[in-house]
Structures are given as C-alpha cells and as structure tokens.
There are 2 protein chains.
Amino acid sequence: MPRTEIQNLELRDQRREQILIAALKVFSRRGMAATKISEIAKEAGLSHGLVYHYFKSKEEIFTLLVQRAAESAVQIIEKARLQEGTPLKKIKWMTEQILQGLSAGEQILLFLIMIQASTSDAVPEEVQHLFSSPEYKSPVNCLVPLIIEGQQCNEIIKEDPIKLAVSYYAFIQGFSISKLQWNQCPIPEADLIIKIFK
Amino acid sequence: MPRTEIQNLELRDQRREQILIAALKVFSRRGMAATKISEIAKEAGLSHGLVYHYFKSKEEIFTLLVQRAAESAVQIIEKARLQEGTPLKKIKWMTEQILQGLSAGEQILLFLIMIQASTSDAVPEEVQHLFSSPEYKSPVNCLVPLIIEGQQCNEIIKEDPIKLAVSYYAFIQGFSISKLQWNQCPIPEADLIIKIFK
DNA sequence: GTCTATAGGCTGATAGAC
DNA sequence: GTCTATCAGCCTATAGAC
C-alpha cells in the first residue's frame with residue numbers, strides 16, 4: 001500500500017527537521033565554511049545526495065538556521081516582557097532562563113550560530129542583509145525599552161541605556177563562548193550579571 | 001651592488017611580518033577555513049607563491065598567530081600584577097587597558113583569533129593541543145590568584161574565584177564580539193564591569 | 001524517497017622562469 | 001626574492017538507477 005499524500009508531507013517535514021538539527025550541530029562547531037555537506041549528512045544519518053533533495057544548497061540551510069536563531073533570541077525578550085513584576089525582575093527572570101538554557105540542550109547552539117553569522121564575513125549574502133536591514137530587531141535594541149522602564153522607576157542606574165544593553169548582551173554572548181571553550185565551566189547566578197544595572 | 005646578508009635577513013623578517021599582519025586581518029574576519037591563501041597574499045600586496053616561500057602552509061600561519069595572541073592575552077595580566085595598588089585597582093587598570101585596546105588597533109584582532117581558535121573544531125591540531133595542554137596558562141587561570149588576593153583583603157566579594165574569573169573573561173570576550181558586530185557600539189567604563197566583584 | 005556515481009570548479013601547494 | 005603556470009585533491013551540486 002502506497003503512502004498517502006499526508007504521510008509524504010509528514011515525512012518530508014520530518015526529514016527536513018532531521019537535517020536542520022544535524023546541520024546546527026555541525027555548523028556551530030565548525031562554522032559555515034568548514035562544514036561539508038557530507039558531515040551534515042553523516043550526522044543526520046543519511047546520504048549527501050538526500051540533503052540536496054531537501055535543500056537547494058549549503059547556504060540555504062545555514063541561512064534558515066540563522067533566521068531561526070535570530071527569532072528565538074528576540075522571543076526570549078518578548079517573553080520576559082510578558083512576565084509579572086518590575087522591569088528588573090523581568091530581566092532577572094530572562095537571565096535565569098538563558099543561563100539555564102546554556103547549561104544544556106540546543107539553545108546554546110542557536111547562540112553560537114548567531115555569533116558566527118554576525119561576526120564572520122564568510123557567510124551568505126542573505127545573512128549579511130538580515131543583520132544590516134532596518135527591520136532587523138537586534139537583541140540589544142529589544143532590550144533598551146525594558147532598561148529605560150527600569151530607570152524610570154529608579155530600579156536601574158541612570159546610565160546610557162544602550163551602553164547597558166550592549167554590556168548585558170556582551171556578557172551573555174561571552175558566556176556562550178566560555179561554555180564552548182570549557183564545557184565544565186561554572187555558570188554564575190543571574191544576580192551576578194544583574195549587578196551591572198545597579 | 002647586491003644586497004648584503006644582513007639586508008637579506010632584514011627583508012626576510014619584514015616580509016614575514018607583512019604577511020602575518022595581513023593574515024591576521026583576514027583570518028579574524030573570515031576564520032581559518034574560509035580564508036584563502038590568495039586573500040592573504042592580496043591583503044599583503046604580493047603573490048600567493050611568495051606566501052609559500054615564507055611559510056610552509058596556511059595552518060602554520062594560523063598557528064603562529066594564535067600563539068602570539070595567547071601570549072599577549074597572558075601578558076596583559078602579568079603587567080597588571082606589576083602595577084601599583086590593591087588587587088582590585090590592578091584589575092581595574094587592566095580592564096581600562098583592554099577596553100581602550102578594543103576601541104582600535106589590532107589588539108581586537110588578536111582577541112578575535114583567540115576566540116575562533118578556541119571555539120572552532122576546524123583548526124589545526126597544534127592549535128587544539130595548545131589549549132588542551134597542561135602547560136597552557138589560560139587567562140581565566142591567570143586571573144584567579146589576583147581575585148583571591150582581593151578577597152583576602154576584603155576588596156572582592158567572597159564568591160567562587162573561578163566563577164568570578166570566568167564571568168570577567170566572558171564579558172571581555174563578549175565585548176570583542178559586540179564591537180565586531182556593531183563597530184560604533186558604546187564602550188562601557190571599567191567601573192561597570194568591576195561591579196561584578198563587589 | 002533514497003542512494004551511488006560523477007561532473008565541474010575551486011584552492012592549497014609546487015615547479016620553474018626571471 | 002618574486003612571480004606565473006600548473007598539478008592534484010577535495011567538495012558542492014547534479015544525474016540517474018532503484
């Protein structure tokens with residue numbers, strides 16, 4: 001009995017996801033240029049030919065993953081804003097979520113691919129456009145309003161909010177890297193980072 | 001009149017340095033794998049053949065640069081220890097030096113190549129050995145004694161010194177990346193970072 | 001849908017002329 | 001010391017069998 005249309009569509013999505021997850025793993029450790037399609041295929045447990053059946057090119061896969069990572073970076077901030085409590089409480093909550101996510105899982109891989117995508121020149125044009133486009137909501141920009149709110153209720157020090165946002169995000173990105181450099185490295189409590197706002 | 005032996009040696013060193021500086025520029029923006037020898041040659045203003053006259057391979061150039069970067073990372077900490085004042089004053093002085101160095105010059109390029117070398121799997125074996133060898137003095141390890149000193153004179157909070165060192169270094173690395181992502185990004189004062197020690 | 005075989009292009013590295 | 005021409009190997013992407 002042949003597969004139904006719906007089953008085929010499900011299989012298709014499943015395979016695509018399988019390849020994307022494998023690609024995320026390899027890209028985040030080796031970078032876009034050094035990653036070979038054969039490595040992605042091997043990680044996903046299928047032939048390299050099949051990868052090209054589901055995706056047009058290596059660049060397409062990379063770009064897709066970067067878009068996802070960018071979305072998820074902004075999402076966590078949006079989630080924080082919906083949280084109960086004062087602005088600083090929201091930031092603390094978010095920091096806890098992020099630090100926890102860094103400890104395990106693929107959350108850290110999304111961070112790493114974002115760092116690679118935004119710091120390397122050796123990425124597809126589409127990715128470069130993504131970051132330079134005016135619509136692009138950078139995590140720093142998303143964070144600024146929350147910081148200003150905190151300043152208005154005297155919870156956060158009266159310092160240039162952009163400077164504070166950049167510093168905060170630098171911390172987060174720095175930790176992702178530290179974790180990669182030294183997998184067992186101790187993770188600080190959210191309070192330690194929050195100090196920069198006081 | 002032919003060149004003397006000494007002039008030849010000078011020329012040789014000069015050319016090597018010229019190539020190394022060009023390579024640092026390209027590597028730090030494109031990574032080890034995505035960098036082509038022809039790009040290094042072009043940046044240095046000479047033919048690709050000549051690069052191979054001075055260096056055995058692309059990997060050799062990359063490894064050399066990483067070694068330099070590793071040395072310079074530790075050097076700044078050593079310099080700080082020789083400074084006058086209390087431990088926290090020394091750390092503050094060092095932070096000012098680093099933040100200033102990030103603003104311009106090739107100091108930031110050394111940071112970036114260190115980050116690449118220590119976070120990517122796509123680097124020469126020698127580089128991987130460098131970081132995993134027991135003799136390797138990581139910046140975090142070099143910083144710990146200074147932090148402990150500060151704790152002993154009640155200048156620094158009684159928190160796991162390794163955790164503090166990791167956090168400090170995470171910030172520094174994170175900031176290098178932020179600078180690359182957004183060249184005009186505001187630079188915080190050293191005091192803002194020092195807060196994590198209080 | 002999935003695989004294997006292979007074309008085509010690019011790049012690291014070398015050889016040899018000047 | 002410096003350059004240009006060239007080789008050899010690898011990797012992306014495709015074609016075609018099952």
Side-chain angles (χ1 to χ4, degrees), chain A residues 1-23 26-27 29-65 120-127, chain B residues 1-23 26-27 29-65 120-127:
Chain A
M1 183 177 121
R3 283 191 292 272
T4 65
E5 285 266 322
I6 292 180
Q7 279 175 329
N8 269 332
L9 278 174
E10 271 173 12
L11 181 61
R12 187 175 167 82
D13 274 2
Q14 201 179 311
R15 279 272 174 280
R16 276 180 70 94
E17 206 54 33
Q18 182 183 353
I19 293 170
L20 282 172
I21 289 173
V26 186
F27 276 139
R29 298 283 338 194
R30 302 188 60 82
M32 152 91 197
T35 296
K36 301 169 233 173
I37 288 284
S38 60
E39 289 173 322
I40 296 176
K42 192 181 168 189
E43 177 74 35
L46 32 80
S47 74
H48 65 228
L50 198 58
V51 175
Y52 282 101
H53 182 71
Y54 285 100
F55 297 95
K56 211 178 78 259
S57 65
K58 188 170 78 166
E59 301 202 345
E60 188 193 343
I61 301 176
F62 187 81
T63 305
L64 245 159
L65 286 172
S120 175
D121 283 353
V123 293
E125 259 190 71
E126 275 168 89
V127 170
Chain B
M1 185 175 117
R3 284 192 291 273
T4 65
E5 288 262 322
I6 291 181
Q7 279 175 327
N8 269 332
L9 279 174
E10 271 172 12
L11 182 60
R12 188 177 167 79
D13 274 3
Q14 201 181 311
R15 279 272 174 280
R16 278 179 68 94
E17 206 54 33
Q18 182 183 352
I19 294 170
L20 282 173
I21 289 173
V26 187
F27 277 138
R29 297 284 337 197
R30 302 188 60 82
M32 153 88 197
T35 297
K36 301 171 231 171
I37 287 286
S38 60
E39 289 173 323
I40 297 176
K42 191 180 170 190
E43 176 76 35
L46 31 78
S47 73
H48 63 227
L50 199 58
V51 175
Y52 283 101
H53 182 72
Y54 285 100
F55 298 95
K56 212 176 79 260
S57 64
K58 189 171 79 165
E59 301 202 346
E60 189 193 342
I61 301 176
F62 187 80
T63 306
L64 243 158
L65 286 171
S120 173
D121 284 352
V123 293
E125 260 191 69
E126 276 168 270
V127 171

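Everything quoted here is computed from the prediction, not taken from an experiment. Below, chains carry the letters A, B, ... as their sequence lines are ordered, and counting in each starts from 1.
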How far apart are the C-alpha atoms of B/Tyr54 and B/Glu60, what are their side-chain angles, what is the distance that settles it, and do they pass the side chain to side chain contact (heavy atoms under 4.5 Å, CB included) test?
CA-CA 10 Å; B/Tyr54 285 100; B/Glu60 189 193 342; over 6 Å; no
State which of [options] makes the closest approach to the side chain of [X].
X       : options               : answer
B/Tyr52 : C/dA13, D/dC3, D/dA13 : C/dA13
B/Asn8  : C/dG12, D/dG1, C/dG1  : D/dG1
A/Tyr54 : D/dA13, C/dA13, C/dG1 : C/dG1
B/Lys36 : D/dT14, D/dC3, C/dT11 : C/dT11

Testing A/Ile40, A/Leu50, A/Ile37, A/Ile61 one by one against A/Phe55 for a side-chain contact (heavy atoms from CB on, under 4.5 Å), which residue passes?
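When side-chain contact (heavy atoms from CB on, under 4.5 Å) is applied between A/Phe55 and each of A/Ile40, A/Leu50, A/Ile37, A/Ile61, only A/Ile61 qualifies.
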Is the phosphate of C/dT2, meaning OP1 or OP2, less than 4.0 Å from a side-chain N or O of A/His53?
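Result: no.
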If you apply the rule side chain to side chain contact (heavy atoms under 4.5 Å, CB included), what do you find for B/Glu59 with B/Glu125, and how did you get there?
CA-CA 9 Å; B/Glu59 301 202 346; B/Glu125 260 191 69; over 6 Å; no
Checking B/Glu43 against B/Thr35 for the side chain to side chain contact (heavy atoms under 4.5 Å, CB included) test, could you report, in this order, the C-alpha distance in whole Å, the side-chain angles of both residues, the deciding distance, and whether it holds?
CA-CA 11 Å; B/Glu43 176 76 35; B/Thr35 297; over 6 Å; no
Rounded to whole Å, please give me the gap between CD1 in A/Ile19 and C1' in C/dC3.
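It is 13 Å, rounded to the nearest whole Å.
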When the distance from CD1 of A/Ile37 to P of D/dT14 is rounded to whole Å, what number comes out?
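Nearest whole value for this atom pair: 11 Å.
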Between the base of D/dA5 and the side chain of B/His48, is one N or O donor paired with an acceptor at under 3.5 angstrom?
yes
